[in-house]
Each structure stands twice: as structure tokens, then as C-alpha cells.
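Comments concern the structure below.
Predicted model only: the values in this text are computed from it and were never measured. Computation of the quantities below employed the complete heavy-atom set of this structure, encompassing side-chain atoms and omitting hydrogens, waters and symmetry-equivalent molecules.
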Amino acid sequence: MDFVELLWWVFAAITVAGGLGMVLLKNPVGSLLSLVLSFFGLAAIYLLLGAHFVAAIQVLLYAGAIMVLFLFTIMLLNLGHDYRGDLRNVAWSFIG
């Protein structure tokens with residue numbers, strides 16, 4: 001087994017672990033970071049295959065721009081926070 005094949009197996013394991021982390025994690029931000037890890041592993045595999053342009057686009061476009069949009073959407077929707085309840089529920093508990 002040469003060094004390039006060993007690197008391929010390492011990056012393939014990183015990519016699969018990132019994909020599994022994206023699916024299995026319950027925290028949306030952690031899931032997003034696992035997806036970024038998977039994208040970087042995929043870009044490294046593209047580099048090993050000699051597709052330098054595709055690897056650069058993978059990092060710039062997917063791991064950069066689209067992940068920022070996903071993170072902005074998660075933060076905008078305020079996912080991942082388990083608040084006790086709305087203020088209306090607290091007001092109803094005092095009234096009733």
C-alpha cells in the first residue's frame with residue numbers, strides 16, 4: 001500500500017465520519033460542522049485524484065458560502081435552544 005492510497009483511506013474515513021455525524025447529531029450546529037468536515041474530506045479526495053479545480057470549488061463554494069448560509073439560517077431560526085417556554089405560557093400559569 002503506497003502513501004496516496006493510505007491518504008485516500010484516511011480522507012474517506014473522515015468523509016464518512018462527517019456524514020454520519022451530520023445525520024446522527026441532534027444539535028443543528030454540530031451537524032453543520034460535521035457536514036463541513038465531510039466537505040473538507042471530499043475536497044482532499046479530489047486533490048488526491050488530481051482534480052485541483054474541483055477541490056478548490058468544493059472548499060470555496062460548498063464549505064465556505066453555502067455553509068455560511070446554512071449557519072445563518074440556523075441562527076435565524078434559533079434552532080438548537082431548548083427554552084422553557086414562551087412568555088405567554090408563563091403569563092397563563094400566573095393567571096390560572
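Within the hydrophobic cluster formed by Ile, Leu, Val, Met, Phe, Trp and Tyr side chains joined at under 4.5 Å, directly or through other members, V68 stands alone, with no partner residue.
Screening residues 3-43 for ring pair (Phe, Tyr, Trp, His ring centres under 6.0 Å) gives F39-Y62 as the qualifying pairs, with residues at least two apart or on separate chains.
When hydrophobic clusters are built by joining Ile, Leu, Val, Met, Phe, Trp and Tyr residues whose side-chain heavy atoms come closer than 4.5 Å, directly or via intermediates, I14 is not grouped with L33. A single hydrophobic cluster is not seen to contain both L60 and L49; linkage of ILVMFWY side chains at heavy-atom distances under 4.5 Å, directly or through other members, places them apart. The same ILVMFWY cluster, assembled from side-chain heavy atoms under 4.5 Å apart, contains both F70 and V23. A continuous path of Ile, Leu, Val, Met, Phe, Trp and Tyr side chains, each step under 4.5 Å between heavy atoms, connects I45 with V4, placing both in one hydrophobic cluster. L42 and I66 sit in two unconnected hydrophobic clusters of ILVMFWY residues. Membership requires side-chain heavy atoms under 4.5 Å apart, directly or through other members.
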Residues 50-57, side-chain donor-acceptor partners within the protein, below 3.5 Å, at least two apart:
none

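The distance from atom CG of L48 to atom CG of L6, rounded to the nearest 0.5 Å, is 10.5 Å. Separating the CE atom in M1 from the CG atom in L7 is a distance of 11.0 Å, to the nearest 0.5 Å.
Of all heavy-atom pairs between T15 and S38, the closest is O-OG, 3.4 Å. Across every non-hydrogen atom of M22 and S34, the tightest pair is N-CB, 3.5 Å. S31 approaches L25 most closely through the heavy-atom pair N-CD1, 3.9 Å.
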